[in-house]
Amino acid sequence: MNILCSFAFSQLKRKRSRTVITASAIALSAALLTAVVNFVASGNAMLAGFLGEDYGLYGGAYMMMLLVPAVFLAALIAAMSVIVISNAFRMSANERMAQFGTLKCVGATKKQIYKTIMYECILLCIAAIPSGILLGYGLSFIGIGVANLYMDELNVLVRSMMKRVNFSLSFVFSPAALLISVIISLGTVLFAAMLPARKAMRISALDCMRNGGETDTSGYKRTKITVDAGKNIEFRMARKNVSSNRKRMHSAVTAFSISIMLFITMSGLQEIAEGIQNYIYRDQGYTVIADYTAKFKNTIHPKTGRRQQKCAYPIDAQTAEEITQKLTEYDETDVYGNGQDYATYVARLGSQEITEEMRHVLTEGSGEEQPEIILEVERIILDDRHYGELCEQAGTAYGGVILLNDYKYNDNGTERHIAPVEMTTSTLKLETADGSQEEITIDGVLETSEIPGTLMYPNTNPIRLVVPSVGVSVRGYNWMANPEDEEGFMAYARDILESYFPQYGMDYDKAGYTSRVYGAQDFVKIMNIAIVLAAFFLYAFVFLLGLIGVLNVISTVSFQIKLRARELAVLQSVGMTSGSIQKMLNIESILCAGKALVVGLPSGMGIVAMMAYCVKRIFPIAFHMPWMAILITIVISLFVMWGTVRISAGALKKQNIIETIRI
């Protein structure tokens, strides 16, 4: 064995605790990188399974969705690993600086000093990276197993809503993925070790012997302190020590801050996801939903240049009513049927025909007020019984047109409802994409407080009209019910829809339409499963990445306590009790944790606030900071720092004061 390699190996055996901590950090880094790469391979296999090898028409988009998060996570792992592992090798080099000075005095070259540290790195890599890769494969295997437990239920729910879809992750062993994991892990560790190695090789032998190689003292702050037993001397000394040693603790505080920031960010992301789920799902009071949706294509009319929507197989009102009646026959179940047409008509209105609130909303969107305003129209048809009830509520005869005078919009994260049309408006001029016009009379108006809950969602078009169903065809139709026997009704409804809209095993694209029967809570369950899965993987990732940061804190704090053994012994020799020294060290731990929290908490909360702001521009969700996660973070941060100092200081109690000062 090379003499420098033997020397490096002896140092690793002599400093067992630091070797174990550094090797653990390297192994965790390799494990996380391997897990990320393996999940990409598994995700690629799943997508290729039901999209084809090239992911179909939107292959580039799917590839970006797969690779961008993986690259981001790998970069984050590599950055954290460089900070932590580089700090471990820097502390090792600083502790042996006098030894390096002696070697330089007897003829060792800069290159040999550099090689000594790099040999330590290589030996640790040989031991830690293979075990880390095995751990990474184990983590990915467990993660895929957990994901598939949820995906079994997810597939049952999704198949009732999206036929011929099967989500399943499989554990994939890819030689290419293994090679990528090894290269990235090895490159990260070697780069992290090169930084302190280059610094150590450049320090002269005299500086190594004289002050441990610390030639740059710009990072240290000289302070004066007056010892006064009548004042809180422990706090003042702790503050002085933290200020003086801030350069040595910089990497530990930085790694700890990143861990805090990531945990707060993940907690905030979960809050945002739950807010979106609560907003999207609206409980309309029904437990089972059946629907029909026709495939459509948006085109531009060649003469007018306006957008028009063409449906392959729209459903006519007569067919929809027949299905409603047949569904009602099952145990005399009350069935609510409604269909929507969002894209056939627009309404031309003068500025005096719309309300001031609506003009204000439109002016904010366009920047200027227009003399004539074009608003999109939603036509709604209902089953005969519920349409008659709505006509009675609106005070109009059966067969009249009812205006639902309510428009929902997102006001910077707050859902607001306004009346878009003035009450004096009695007619509307509707226009299709080809330019043909039709004037209709408004027979009844329902304001926001009068509109049934079933007609409040999705509420995307400003003009919403409930029209007579005679001769009307729409792209989609829904049937909602509260049957006593949900499973029996769902099976019955599937048979009815299949008899009217047979797909013969074809999917939505080939058949040109689809019909579904599912529980009203199924969508919420799918969202819950997705959120739980995402939270599981993200929190596991943050935990393991944070564990690397905690290892750095333990290593750094332990090293600093051992380095200050003589200082602490001198303080005891001049009359400072063990209790006072422990109190001083406890205060130092709180101050160091406070520095990490001061950086990590505002950064994490800032990222969460920025994400919430961006999301609330799209969804009017109720959001609040994850205060419980913030409180847990503060408690854990203080406990980790305090516990590390407590254990490290406890080891010094066994040392003799005189022998410690003499060393």
Side-chain angles (χ1 to χ4, degrees), residues 32 68-69 72-73 75-77 79-80 83 150 252-283 364 408-417 523-550 552-553 589-643:
L32 284 173
V68 169
F72 173 76
L73 292 177
L76 192 60
I77 295 167
M80 177 71 94
I83 293 173
Y150 286 96
V253 171
T254 301
F256 214 26
S257 299
I258 293 174
S259 301
I260 292 169
M261 179 190 70
L262 288 174
F263 183 75
I264 298 300
T265 302
M266 292 303 105
S267 301
L269 191 60
Q270 184 178 6
E271 291 280 349
I272 292 172
E274 291 174 353
I276 294 174
Q277 173 190 323
N278 294 333
Y279 170 73
I280 290 177
Y281 174 72
R282 301 297 177 94
D283 186 4
E364 283 187 343
K408 176 190 70 179
Y409 72 99
N410 181 11
D411 183 17
N412 295 320
T414 302
E415 181 177 300
R416 300 197 185 279
H417 292 259
F523 182 78
V524 178
K525 293 177 182 177
I526 291 173
M527 288 288 291
N528 280 335
I529 292 172
I531 291 173
V532 168
L533 279 176
F536 172 78
F537 286 111
L538 289 175
Y539 277 115
F541 171 79
V542 170
F543 171 77
L544 293 174
L545 198 61
L547 189 57
I548 297 177
V550 170
N552 186 37
V553 170
S589 69
I590 294 173
L591 293 176
C592 288
K595 291 176 69 174
L597 289 168
V598 164
V599 176
L601 283 181
S603 300
M605 294 172 69
I607 293 173
V608 170
M610 184 172 63
M611 290 191 303
Y613 173 79
C614 294
V615 171
K616 291 178 78 170
R617 300 284 291 181
I618 304 173
F619 299 102
I621 63 172
F623 171 78
H624 56 82
M625 276 289 172
W627 297 114
M628 182 57 67
I630 292 173
L631 180 61
I632 292 173
T633 301
I634 293 172
V635 172
I636 291 177
S637 300
L638 294 173
F639 177 77
V640 167
M641 195 69 76
W642 173 81

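S589 and M641 get closest at one heavy-atom pair: O-CG, 3.1 Å. Nearest heavy atom pair, residue A612 against residue I272, reads N-CD1, 3.6 Å. Considering all non-hydrogen atoms of both residues, M625 and M605 come closest at CE-O, 3.1 Å. The shortest heavy-atom contact between I630 and I264 is CG1-CD1, 3.5 Å. Here the shortest heavy-atom pairing between L269 and M611 reads CD1-SD, 3.9 Å. Contact detail for I621 and G275: the closest heavy-atom pair is CG2-O, 3.6 Å.
Residues passing the salt bridge (charged side-chain N to carboxylate O under 4.0 Å, His left out) test with R416 are D411, sequence neighbours excluded. Considering only residues two or more places apart in sequence or on other chains, F263 meets the ring pair (Phe, Tyr, Trp, His ring centres under 6.0 Å) condition with Y539.
When each of L262, V599, V598, L597 is checked for a side-chain contact (heavy atoms from CB on, under 4.5 Å) with S257, only V599 meets the rule.
For the pair S259 (side chain) and A255 (backbone), a donor-acceptor distance under 3.5 Å is present. Counting only distance, with no hydrogens or angles, the side chain of N412 and the backbone of K616 share no donor-acceptor pair below 3.5 Å.
In this structure, NZ in K595 is found 6.5 Å from SG in C592, a value given to the nearest 0.5 Å. One finds the CZ atom of F639 at 14.5 Å from the CD1 atom of I632 (value rounded to the nearest 0.5 Å). Expressed to the nearest 0.5 Å, how far CD1 of I83 lies from OG1 of T254 amounts to 6.0 Å.
In this structure, the side chains of L601 and I634 come closer than 4.5 Å at one or more pairs of heavy atoms. Contact of the M261 side chain with the T265 side chain is registered, since non-hydrogen atoms from C-beta on lie closer than 4.5 Å.
Listed by first then second residue, pairs satisfying side-chain hydrogen bond (donor to acceptor under 3.5 Å, both in side chains) with a partner in residues 628-643 read N586-W642, not counting sequence neighbours.
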